[in-house]
Amino acid sequence: MKVVVAVKRVVDHNVKIRVKADESGVELANAKMSVNPFCEIAIEEAVRLKEKGIASEVVAVSIGSSQSGEQLRSALALGADRAILVETDDKVYPLQVAKILKGVAEAENAQIVLLGKQAIDDDNNQTGQMLSALMNASQGTFASEVVVNGDKVAVTREIDGGLQTVELSLPAVITTDLRLNEPRFPKLPNIMAAKKKPLDTKTPADFGVSVSSNIKTLKVTAPNERSAGVKVSSVDELIDKLKNEAKVI
Ligand code: AMP
């Protein structure tokens, strides 16, 4: 069975981001960019399915500017067989991404589509859910375990206060949670070999998708600076401050 993995290029999680002066977004110039951490977990899971002999081929897909090719090369170095860059310089929102991924999954006849549960830049947590609805496929979100058994896949999901296991029929859309696996580090020979693996470039129009959206980002602002704390010398002083300064009691 073929597995498609969605890989988003995002600002590296270690970067302290800065909001642009015109409040139109986050400053990306010179910022270190990486594979979205939840997508790394998705790639790892797909590669493990291949290593177990369950997946026949792992196809990594990214939608974005030509620079997203860098993240696809990372996915290839981690073990994906092929990559598809759906190139656009426009800002894409989850519905457009889901429509494009549907086109890719159908063209590839994928039985499993793996995505991160969330992209750490826009924090939408929507794409996998929209994709499964568009594909009329079963969905297992926030996966902490994935076990394929014939034409079914058992997905253990992280839910409030516990774990829930659901059985999905294929094709299925699965989104990864943090505890699903620990992604490997790419080895140097694999990074070199990844340069020779196939990376096709397509456009949203190839899948009949217009990237125009009915959502417009009006402004992005930084959170308020936190003011420094103060040390109090007695419980009475604390209560006084809570009552008269913070006005919370
Ligand atoms: P979101 O719904 O935006 O939080 O994203 C959830 C997941 O959808 C990500 O972890 C990716 O696996 C996938 N995804 C979102 N945007 C893109 C994109 N532009 N290219 C590839 N995959 C994406």
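Just so you know, ligand 1 is whichever comes first in the structure, and atom 1 is the first atom listed for that ligand.
- Each of L114, T175, D177 was compared with F38 under the side chain to side chain contact (heavy atoms under 4.5 Å, CB included) criterion, and only D177 meets it.
- At a heavy-atom distance under 4.0 Å, atoms from both the backbone and the side chain of N124 approach ligand 1.
- The nearest protein atom to atom 7 (C) of ligand 1, hydrogens excluded, is given as G116 O, 3.2 Å; this is a heavy-atom distance.
- The single protein non-hydrogen atom nearest to atom 1 (P) of ligand 1 is T127 OG1, 3.4 Å, given as residue, atom name and distance.
- Nearest protein neighbour of atom 22 (N) of ligand 1, counting heavy atoms only, is A6 CB, 3.5 Å.
- When non-hydrogen atoms are compared, ligand 1 lies under 4.0 Å from neither the backbone nor the side chain of T175.
- Geometric assessment of K187 against the ring of F185 yields a negative cation-pi assignment under the 6.0 Å and 45° thresholds.
- At least one N or O atom of Q126, backbone or side chain, sits closer than 3.5 Å to an N or O atom of ligand 1.
- Every atom of ligand 1 is numbered from 1 in the order shown, and the set under 4.0 Å from a heavy atom of L115 is 8 (O), 12 (O), 13 (C).
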Walk me through it: do R9 and E70 pass the test side-chain contact (heavy atoms from CB on, under 4.5 Å)?
-> CA-CA 8 Å; R9 173 185 169 90; E70 292 167 15; 3.0 Å; yes
Check step by step if salt bridge (charged side-chain N to carboxylate O under 4.0 Å, His left out) holds for K91 and D122.
-> CA-CA 11 Å; K91 162 103 185 139; D122 293 333; 2.7 Å; yes
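- L115 places a side-chain heavy atom less than 4.5 Å from the side chain of L131.
- Of the heavy atoms in V7, only backbone atoms (N, CA, C, O) come closer than 4.0 Å to ligand 1.
- Between the side chain of E44 and the backbone N or O of R184, at least one donor-acceptor pair lies under 3.5 Å.
- Judged by distance alone, the side chains of S144 and T156 never bring a donor and an acceptor atom under 3.5 Å apart.
- For ligand 1, the atoms sitting less than 4.0 Å from at least one non-hydrogen atom of A119 are 1 (P), 3 (O), 4 (O), 5 (O), 6 (C), numbered in the order shown with element in parentheses.
- Among protein heavy atoms, atom 11 (C) of ligand 1 sits closest to C39 SG, 3.4 Å.
- Not close to ligand 1: G64, with no non-hydrogen atom less than 4.0 angstrom away.
- Ligand 1 lies less than 4.0 angstrom from a heavy atom belonging to V61.
- Applying the 4.0 Å criterion to heavy atoms of N125 picks out, from ligand 1, the atoms 1 (P), 2 (O), 4 (O).
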I84 vs K202, side-chain contact (heavy atoms from CB on, under 4.5 Å): CA-CA, chis, key distance, verdict | CA-CA 7 Å; I84 301 172; K202 303 265 186 199; 3.8 Å; yes
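- Looking at E45 and N181, their side chains do bring a donor and an acceptor atom within 3.5 Å of each other.
- Residue-level proximity to ligand 1 for I63 is carried by backbone and side chain together, each with a heavy atom below 4.0 angstrom.
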Could you go through the salt bridge (charged side-chain N to carboxylate O under 4.0 Å, His left out) check for E237 and K231 one step at a time?
-> CA-CA 10 Å; E237 193 189 344; K231 269 193 182 164; over 6 Å; no
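- Note on ligand 1: V97 sits in its first shell, one or more heavy atoms being nearer than 4.0 Å.
- If you check which protein heavy atom lies closest to atom 16 (N) of ligand 1, you get K8 CD, 3.4 Å.
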